[in-house]
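First the structure, in the form of structure tokens, and then the observations on it.
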Amino acid sequence: QQQVKQSPQSLIVQKGGISIINCAYENTAFDYFPWYQQFPGKGPALLIAIRPDVSEKKEGRFTISFNKSAKQFSLHIMDSQPGDSATYFCAASKGFQKLVFGTGTRLLVSP
Amino acid sequence: SAVISQKPSRDICQRGTSLTIQCQVDSQVTMMFWYRQQPGQSLTLIATANQGSEATYESGFVIDKFPISRPNLTFSTLTVSNMSPEDSSIYLCSVGTGRVDYGYTFGSGTRLTVV
């Protein structure tokens with residue numbers, strides 16, 4: 001019940017394309033859903049986060065779509081750039097308790 | 001958001017020895033966490049470091065192996081004790097301020113290799 005399932009495991013997108021990463025959760029008590037971006041040799045950095053009272057949140061080229069009834073949320077990266085090549089993790093938590101992380105998606109944006 | 005200084009950034013240690021990793025934050029934070037990340041893998045929470053009390057450990061992690069200290073609201077240490085090659089991993093400190101807009105911040109990690 002604590003799991004967050006993430007897909008795909010890896011993704012290759014052409015420059016300018018849309019990258020889409022999906023996550024699904026089981027615990028309906030989760031109420032905070034962040035996405036993290038991690039470059040090699042660095043710690044994860046918060047990219048964008050959403051609470052379940054909204055269905056979508058956009059920050060620049062990054063958008064979270066949230067479907068409460070389906071217990072799913074996704075990250076969309078518009079106009080993907082080579083600099084977006086990184087590993088992306090979704091996560092979930094109840095309030096500000098511990099984060100439960102997805103398995104990660106390695107994104108490669110080809111020039 | 002908080003800025004984390006984690007030391008050392010990497011180390012190579014002999015099996016059977018111990019390594020203490022430091023996490024220093026530039027502001028007082030409510031929550032501090034320690035994670036382990038195998039190369040190419042996701043993050044696994046080791047424990048929550050509580051200020052003024054014992055850490056809360058996740059299933060599979062024990063205090064004797066991973067003792068944690070948190071003497072104040074800006075500092076914590078994680079010790080990896082009696083190391084074996086299986087302990088080779090990246091260890092990350094994370095902090096939370098309790099504010100939704102700040103989320104959780106991570107340090108750059110300590111890459112540990114046990115030989």
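Chain naming here is simple, since letters A, B, ... match the order of the sequence lines and numbering starts at 1 in each. Worth knowing before you read on, the calculation uses all heavy atoms, side chains too, and leaves out hydrogens, waters and symmetry mates.
With B:Tyr57 contributing its side chain and B:Thr48 its backbone, the two residues share no donor-acceptor pair below 3.5 Å. B:Lys65 places a side-chain N or O within 3.5 Å of a backbone atom of B:Asn82 that can act as its donor or acceptor partner.
Using modelled atom types, one finds a donor on one side chain and an acceptor on the other under 3.5 Å when comparing B:Gln37 with A:Gln38. With hydrogens and angles left out, the side-chain atoms of B:Thr113 and B:Ser88 include no donor and acceptor closer than 3.5 Å.
B:Leu43 touches chain A through backbone and side chain together, each having a heavy atom under 4.5 Å away. Contacts of B:Gln41 with chain A are made by backbone atoms alone, with heavy-atom separations under 4.5 Å and no side-chain atom involved. In this structure, no portion of A:Pro34 lies under 4.5 Å from any heavy atom of chain B.
With sequence neighbours left out, the salt bridge (charged side-chain N to carboxylate O under 4.0 Å, His left out) criterion links B:Glu86 to no other residue. Under the side-chain contact (heavy atoms from CB on, under 4.5 Å) criterion, A:Gln81 pairs with A:Lys15, A:Arg61, A:Asp79, A:Asp84, not counting sequence neighbours. Listed by chain and residue number, nothing satisfies the ring-ring contact (aromatic ring centres under 6.0 Å, His included) test with B:Trp34 (two or more places apart in sequence, or in another chain).
Contact annotation for residues 98-110 of chain A against chain B (heavy-atom separation below 4.5 Å, listed by residue number): A:Lys98, A:Leu99, A:Phe101, A:Gly102, A:Thr103, A:Arg106.
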